[in-house]
Number of protein chains: 2
Amino acid sequence: MVNSLYICIMERDLSTEERIKEAAKQVFIIKGLAGARMQEIADAANINKAMLHYYFRSKDQLFKKIFDEVIGEFAPKILSILGEKRPLEVKVKDFVHQYLDMLSKNPFIPLFLISELRDQPEHVIEKVGIKRSGALDHLDQQLKTEAQAGNIRSIAPAHFMANLISLSIFPFLAKPILQSMFQMSDEDFSSFIEERKVLIPQLIMSSLKP
Amino acid sequence: MVNSLYICIMERDLSTEERIKEAAKQVFIIKGLAGARMQEIADAANINKAMLHYYFRSKDQLFKKIFDEVIGEFAPKILSILGEKRPLEVKVKDFVHQYLDMLSKNPFIPLFLISELRDQPEHVIEKVGIKRSGALDHLDQQLKTEAQAGNIRSIAPAHFMANLISLSIFPFLAKPILQSMFQMSDEDFSSFIEERKVLIPQLIMSSLKP
DNA sequence: GTCTATAAAGGGATAGAC
DNA sequence: GTCTATCCCTTTATAGAC
């Protein structure tokens with residue numbers, strides 16, 4: 001019987017390999033590598049365990065495939081916005097808006113990435129590839145220029161980025177605690193995130209006022 | 001042979017039970033419940049597996065014991081400061097300072113708690129016990145009073161807390177990524193956190209200016 | 001490519017001697 | 001209380017028929 005915990009991925013227009021990948025993505029993202037079971041993935045994909053090994057040889061290889069796909073899909077979007085040649089305030093607004101939208105649709109991604117960061121930091125860093133991103137250099141330059149022009153206070157890019165990402169991501173990690181603390185329903189939490197699309201840019205920009 | 005990954009806990013003045021708990025704490029915090037191995041805990045404690053079961057019966061019970069201890073040690077400190085009857089700015093500074101100090105000494109705690117939040121949200125929430133904390137009520141009242149007096153902008157307590165906690169905790173979760181992005185050594189990261197003790201209260205308070 | 005059956009390994013838990 | 005040896009269930013992985 002099909003496990004109803006996961007959204008239906010039984011569409012017949014998907015190849016077996018695609019079905020497995022979709023199922024594995026859901027299970028791995030929610031359970032992590034150590035917590036996931038091959039049987040559960042097979043059930044979610046509506047095939048038997050043997051097929052998993054036929055297509056991906058081992059659990060580790062399947063996970064690596066999924067992880068690289070997920071990280072490859074999300075990581076590039078993170079920094080590209082901040083590398084654009086547009087006013088700082090516009091980019092911050094755009095970044096927060098797009099980022100919170102993405103996380104609302106994929107709320108388990110942050111924990112998935114951060115858990116893997118614990119076990120294989122070098123792999124995550126390599127795949128994210130942010131070190132070699134030119135976006136950071138441009139942001140760095142922009143922060144310096146604006147500060148010298150007296151438009152904003154001087155701030156280290158590391159703090160700027162840490163603030164921006166922390167404020168955007170962390171509420172999704174702590175969602176159950178926040179919901180308990182402030183008696184939020186799921187709808188309340190969605191509204192809460194919507195409010196943060198406005199609030200976070202305000203917070204970031206107001207702190208940069210000279 | 002003793003696993004050198006973990007700090008030495010072989011002091012002979014510790015009882016076997018205490019040695020097990022210390023070892024288990026280190027392994028569980030780093031590997032999580034599903035990822036931890038009883039053999040690894042036994043090795044770290046320099047005893048054999050049978051003793052783990054003799055003292056704690058099962059892996060789940062051992063984990064629960066450790067988890068409750070860890071959470072019981074840290075959770076109460078989180079909100080108590082904010083419940084005190086002191087000026088908002090003083091409390092924010094004090095909170096951030098003490099919180100970052102604690103996290104610097106125990107950098108794996110956030111991931112440990114958040115990972116467990118995925119598998120057993122109700123247990124974490126119950127143990128944290130923040131719902132019934134009067135500290136939140138007092139903070140709520142203080143934010144309202146100050147806003148009505150025109151001293152600060154009006155802000156929902158949920159956003160205030162989310163901002164404060166996000167800015168404080170998240171850098172520890174993303175430490176390897178931040179270090180890679182900004183080429184920080186471990187010493188650099190410590191300095192980075194020191195800077196945030198000043199920066200975060202500034203950020204929070206400046207955003208509250210009317 | 002897909003299935004059933006089964007091997008092989010891993011790991012939690014226990015028995016029983018000391 | 002502490003150890004060795006071992007049980008046995010779970011889970012990964014493979015063999016082989018179709």
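Residue numbers start from 1 in every chain, and the chains themselves are labelled A, B, ... in the order their sequence lines are given, proteins ahead of strands.
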Novice: Can you check whether B/T16 has a side-chain N or O nearer than 4.0 Å to OP1 or OP2 of D/dT2?
Specialist: yes
Novice: Between B/K105 and B/D101 (salt bridge meaning N to carboxylate O under 4.0 Å), is one present in this structure?
Specialist: no
Novice: Salt bridge check: are A/K64 and A/D60 linked by an N-O gap of less than 4.0 Å?
Specialist: no
Novice: Whole angstroms only, please: what is the CZ-P distance between B/R37 and C/dG11?
Specialist: 4 Å
Novice: Starting at atom CD of B/E17, determine the distance to atom C1' of D/dT2, rounded to an integer number of angstrom.
Specialist: 15 Å
Novice: By the 4.0 Å heavy-atom rule, please label A/A42 as base, sugar-phosphate, or nothing.
Specialist: nothing
Novice: Consider the side chain of B/N48, meaning its heavy atoms from C-beta on, and name the nucleotide among C/dG12, D/dT4, C/dT2 that approaches it most closely.
Specialist: D/dT4
Novice: Without decimals, in angstroms, what is the distance between B/Q39 CD and D/dA5 P?
Specialist: 14 Å
Novice: Name the nucleic acid region contacted by B/A36, choosing base, sugar-phosphate or nothing; use a 4.0 angstrom heavy-atom cut-off, strictly under.
Specialist: sugar-phosphate
Novice: Near A/K197 NZ, under 6.0 Å, is it more than 12 heavy atoms from other residues, nucleotides or ligands?
Specialist: yes
Novice: Please classify the nucleic acid contact of B/F56 as base, sugar-phosphate, or nothing, using heavy-atom distances under 4.0 Å.
Specialist: nothing
Novice: Is the CZ atom of A/R86 crowded by more than 12 outside heavy atoms at less than 6.0 Å?
Specialist: yes
Novice: Whole-Å distance between C/dG12 C1' and B/F63 CZ?
Specialist: 16 Å
Novice: Round to the nearest Å and state the distance from B/L52 atom CG to D/dT4 atom C1'.
Specialist: 15 Å
Novice: Atom CG of B/L14 and atom P of D/dG1: how far apart are they, to the nearest Å?
Specialist: 15 Å
Novice: Hey, what are the protein-to-nucleotides 13-18 of chain C N/O distances that come in under 3.5 Å?
Specialist:
| from | atom 1 | to | atom 2 | distance (Å) |
| --- | --- | --- | --- | --- |
| C/dA13 | OP2 | B/H53 | NE2 | 3.2 |
| C/dA13 | OP2 | B/K59 | N | 2.7 |
| C/dA13 | N6 | B/K49 | NZ | 3.4 |

Novice: Measure from CG on A/L33 to C1' on D/dT11 and round the result to the nearest Å.
Specialist: 13 Å
Novice: Please check if atom NZ in B/K93 has more than 12 non-hydrogen atoms from other residues, nucleotides or ligands closer than 6.0 Å.
Specialist: no
Novice: In whole Å, I'd like the distance from the CD1 atom of A/I41 to the P atom of D/dA13.
Specialist: 11 Å
Novice: Can we say B/E84 and B/K91 salt-bridge, meaning some charged N sits less than 4.0 Å from an Asp/Glu carboxylate O?
Specialist: no
Novice: May I ask you to decide whether A/E22 forms a salt bridge with A/R19, counting only side-chain N to carboxylate O separations under 4.0 Å?
Specialist: no
